[in-house]
Each structure stands twice: as structure tokens, then as C-alpha cells.
Amino acid sequence: MTRFSIIGAMAPIVLDAVTLRRVIVGFHGGLADHRQVIDNLNVYPVPDGDTGTNMTLTMKSVVESLDGVADDLEPLCAALAHGALMGARGNSGVILAQILRGVSGVFRDAAAAGSVPDAPVVAQALAAASDGAYSAVARPVEGTILTVIREASESAQAAAAAGGGLTEVFDAARERGYDALERTPEMLAVLAEAGVVDAGGAGLLLLFDACLAEIDGRPMPEAPELSAAPAPAAVASEARPVEESSIADLRYEVMFLLDAPDPSVDGFKAAWQEIGDSIVVVGGDGIWNCHIHTDDIGAAIEAGIAVGRPHRIQITDLLDQAAEHSESFEAPDQLLSLDDASSAPAVQITEADQCSVVAVGAGAGVVEILMSMGANRVVAGGQSMNPSTAELLAAVDSLPTGHVVVLPNNKNIIPVAEQVDGETERTVCVVPTRSVVEGIASLLAFSPGATAAQNSEAMADAAESVTPGEVTQAVRDASSSAGPITTGDWLGIGPDGIAAVESDAAAAATALLSTIIDDDHELLTVLTGTDADAATTEAIVGHVAEHHPDVEVEVTEGGQPLYPYYFGLE
């Protein structure tokens, strides 16, 4: 249905506050529908929850920020800009936030001047979005979301200058945007080598689809069905501007909000340019959302401390960012999902001298193991669906004890968990567990009658006694220290990264175990995932019995997604 603004007689179509809100909601819905398609294809060889997840979660934050805001452009745009800045996740999410901030700024200024977002104003807003996106990136790279928004905005401006209405402006932006997306592999070698296009640009184009759905009644595009095995398609993860696609390059993604005076930010950006790439810094008026890929986590954070106060720090190991959150398993009542954790009931502290445990995990078997070992609450999450501080806080505050230990069970979640203690009346300590097997081992040292500090020390020692390993399948060609990787290869990943590249899961698992088992190990715990099979499991057990007869093997069903096998050696 076409929307009109009536002022006396029929007037040109405009993007009023009601329509803008619906566009934002529709855009979020479109991203959610396409999220897994985008996440399943990326320039890294292991399956991860990258661009699609980050953009979807960014828009989820934006939608939530509009709740309770009046249908008036000025407050609505202010809320949109703030929600995008505060909720941006990942490189693509931060750039998307800057695009939305550029659009909302022009709309807000127009509303303050008594104008409405008609075709010329929308074209101007897209130009501002493009300028803002480029200015936010320290080293702009063509063949990314930047190219798509720039070319789309140029076409929109030409359509508006020719007298086109709002529908024509969005049509022009969409058509040129999709054309630019198809050409991204010509501009960026890593995309050409992978045979895909830029996922950030693909996600952004759903914004134009959402606009046309509202002003011209068109249906949103349906996400293609997922095949069992990844195949060349029209999306890829946010590409890094590096010369090679080796996954060993710039291992860590660091993100944080930075409270700092605006004049100091140029110096901060310059410092970051010395230690990494994929740098995006957006914001203003003393609050900035900052993103970098780097090998030096400490230097990245220290650069922020030098000019202000970094907070909500998130660190992602790009090698280990691989397990996707499962939404299909049946879990116990004690499991808090990412959606309902924030609504968990807060309770009074009635056992001030007692201690409880909050753990993070995914997979029905994993949850049951954690609960049976002594965890009081399990927050659903993993490497691609990291729970927020608020979600972990809700789990902590749902317990009656005065002391709580948190097991992140993932490198990415550790810095988030460390924020909880300052937000609750309870005493909270974090055991820096990097995997589920470390979390399970740490629970052996837990004592309900000990303090959080006492427990965390003992549990950390127990976690350090475990050597973790995992097996997954490559979804992209790449290179690694273990040799070249081809789509479909099976990868054995140990504490130091990819240790084995093989043609089948059993070979990858046994090759990995051969590199990480030593004479001091006595027990191997095998957690089987949803994609494990009996023959492979038997081959693993047989290999250990033949080559390491002194190592006992315990096999337990974990139910974790994407990773058929988790290993824990003690």
C-alpha cells in the first residue's frame, strides 16, 4: 500500500515518523531472516556468526531503543542514533550504526526546520550516511559495505535531482547498490578468491527493501533455503583489508565504548593505525563506539585509556569464533536463553554466606552436564551469540546467595562477565574459562560454602589442568599453519589454533589428538555434538586405545551445534 502525507491536497510521499519506525522494524526482520545465510558463508574457513549476526543484533538494539518513543521525527531519530551507537556489534554493525546515524541526523535537522523527509531530503540523508561511514573507517577499502552505500547514495541523489519521488529514489539506490554488490569481488581479492560478495553490503541492501516495502507495498525478499553443505553464494562475511586471506593474520577483534573528549579521538585513531586494521570509530559528544582487528589486545585498550575511559570491552578470537548458538535443543528449566535472561526474576539475598555458579553453554547435553556438576543457572550462548552483561547480571540476580562465580566458557564472553560484579549487590568472581570442557573441569573444585574469591581461585586452577580441542568443518578455502584449507575439509583445532586439516572428521580428530596428548595425560573427555556419528566416535576411541593405552576415554553426548567433537584432556 502506498503511503501519502496529505496537506490540503495530495502531497509527495514522505518518510514520516510512523513509516520510519516501520522501516526500522522491517529492516531488523529482514536481517533476522537472512542472518544464518550470511553467517554460514564467510572468508574464514570455520563456521561462525559474523556479519549477519552482528548486523541483526545491532538492529535489535535500535528497535528496542525506539520503544516508548513518540511518533515524532526529532525524538525518534535521536533514539535511533543513540540505539545504533550503543548497540553496534562487529565491524559491519559499527559501520551500519554510522550509516543510520547519518540518515537520522539529516532527518532530525529537517524536522527541526519544519521540513519532512521527501525525496531530496532522503537523498541528502543517504549522502550523509555514506560520508559518515567513510569518515569512520581509518583505512576505507572498496569492495565492502562502504562501496555499496556510496554508489547507492550517488544514484539516489541523481534520481532526486531529476525530479524523482521517494519511490524512484529508493529504487535507484537499491538497483545501483545491488550492482555495486555484484562487483565487490572485482575490488577485493579476498572476496574473489572465496567466490563471494561482501556480506555487509548484502545486509545493508535489505534497508532499501524495507523502505520500498513500506512506501510501495513490495514484499521483503525471502532468504534462500540453506543447503547441507555451503556452496558459492552471493554473500560473505565482512572482509578485512589485508593482502592475504590467511586466518593467522590479526587474530583478535577488539571493541569497546569510549568516553573521551571529541578533540582527542584523532590521536586515538592514529595510535590504533599503528597496531591493526579494520578500524572503525563512530560517535561524538564524548561517547564513541570503537572497533579494531589487531594482534595486540593490550595496546588497543591502552590507547583508549590514554584519552578516556573504555568500557563494555569485547574481545573476540577470530580463530575461535566458530560455534553457532543452537536454537533447536530442548533444555532444562534452569537454562536462561539470550532473550529471556534479561527478564529473569531478581530475588533477595537470603543466603549471604553461600556461593552459586552461573555458566554459559549451548547444547542440551552440555547444559545437563553443567547443571549436574553444580551450576545453578546456565545462560544460553556461545561464540556467535555472546550473552550481554545485562543477561549475565539477570542470571546472577536470580540467585539467593551472596556470592556467585561466573563461568564464561568462551574467550569472547570473559570481558563481558567481568562487568557483572560492579552492577550487583552480590560478590561476583569470574573464572576465565575459554571452553566448555574447562568449565566442566572447574566445577570439580566448586564448594557452595566457600566465598566467590576462594572458589574462583580453586576453580581456575582446575580449569588450567585441561587441554581443550575441537573438530569442525571448513566452510571456506584458506591457509593455515597446518597447510592449505579447502571448503569441506575437517579441521582439528587445539590450544594453539588449527593443528590438523583432513578430508574426514575421524582423521582430523585423531591427528589433533596425536598432537595434544602427552605422557602426562590420563583422561580424555569427548563431548559429541549434533553432527557426530557413531563410526567416527568409535574411530576416535579406537585410536586412543591403540596409540595411548594409558589414557581413559569418556564419551558424553553434548549436543553442541557445528562442532561434532569437543575434547578435554586431563
Side-chain angles (χ1 to χ4, degrees), residues 54 58 61-62 65 74-75 77-113 124-141 144-146 149-150 153 238 240-241 250 252-315 389 415 419 422:
N54 287 335
T58 298
S61 174
V62 173
S65 73
E74 290 190 67
C77 287
L80 191 162
H82 183 74
L85 176 65
M86 301 300 289
R89 302 203 191 192
N91 188 33
S92 54
V94 175
I95 295 175
L96 174 60
Q98 188 70 352
I99 289 170
L100 294 175
R101 284 166 57 81
V103 169
S104 62
V106 171
F107 284 2
R108 186 170 48 186
D109 290 345
Q124 179 187 351
L126 292 177
S130 176
D131 291 343
Y134 272 85
S135 66
V137 179
R139 301 185 185 98
V141 175
T144 66
I145 188 175
L146 298 178
I149 184 59
R150 176 178 55 78
S153 69
E238 53 204 75
R240 295 182 297 153
L250 298 177
Y252 299 101
E253 176 186 62
V254 179
M255 288 188 66
F256 51 72
L257 293 178
L258 176 65
D259 295 336
D262 293 6
S264 69
V265 173
D266 285 343
F268 167 71
K269 291 181 182 179
W272 263 17
Q273 289 178 25
E274 298 296 321
I275 61 170
D277 67 17
S278 291
I279 297 168
V280 185
V281 179
V282 303
D285 297 325
I287 178 69
W288 303 82
N289 196 319
C290 310
H291 172 283
I292 187 175
H293 288 180
T294 183
D295 286 328
D296 195 338
I297 297 171
I301 297 173
E302 288 168 3
I305 295 173
V307 298
R309 184 179 73 91
H311 54 104
R312 285 177 56 176
I313 299 170
Q314 301 177 49
I315 300 170
T389 299
Q419 308 302 309

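The chain is numbered in sequence order, starting from 1.
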Exercise: identify the closest heavy-atom pair between V103 and A129:
CG2-CB, 3.9 Å
R108: salt bridge (Lys or Arg N to Asp or Glu O under 4.0 Å) partners, not counting sequence neighbours
none
Taking every heavy atom of S153 against every heavy atom of L126, the minimum-distance pair comes out as CB-O, 3.4 Å
Using 0.5 Å steps for rounding, measure from the CG atom of D109 to the CD atom of Q124.
8.5 Å
Under 3.5 Å, sequence neighbours excluded: what are the donor-acceptor pairs made by side chains of residues 281-290?
from : atom 1 : to   : atom 2 : distance (Å)
W288 : NE1    : A260 : O      : 3.4
N289 : ND2    : L85  : O      : 2.6

Going through the distances and angles, do T58 and L100 end up as a side chain to side chain contact (heavy atoms under 4.5 Å, CB included)?
CA-CA 11 Å; T58 298; L100 294 175; 5.6 Å; no
Please report the closest heavy-atom contact between L258 and P310, naming both atoms and the distance.
CD1-N, 3.8 Å
Under the side-chain contact (heavy atoms from CB on, under 4.5 Å) test, residues paired with A300 that sit two or more places apart:
V254, W272, I275, I292, T294
Give, for atom CG of D296 and atom CD of E274, the distance between the pair rounded to the nearest 0.5 Å.
12.0 Å
Contacts of A127 meeting side-chain contact (heavy atoms from CB on, under 4.5 Å) (sequence neighbours excluded), chain-then-number -> Q157
Test item: I99 and I145 side chains (from C-beta on) under 4.5 Å apart, heavy atoms
yes
Between A84 and A97, what is the shortest heavy-atom contact and its length?
O-CB, 3.3 Å
Please find the pair of heavy atoms, one from G83 and one from V62, that lie closest to each other, and give the distance.
C-CG2, 4.0 Å
Residue pair F256 / G304: nearest heavy atoms and the distance that separates them
CZ-CA, 4.3 Å
Kindly write out the residues that satisfy side-chain contact (heavy atoms from CB on, under 4.5 Å) with A112, not counting sequence neighbours, or none if the list is empty.
E74
Sequence neighbours excluded, the answer for salt bridge (Lys or Arg N to Asp or Glu O under 4.0 Å) partners of D131 is none
Find the distance between CD1 (I279) and NZ (K269) and round it off to the nearest 0.5 Å.
10.0 Å
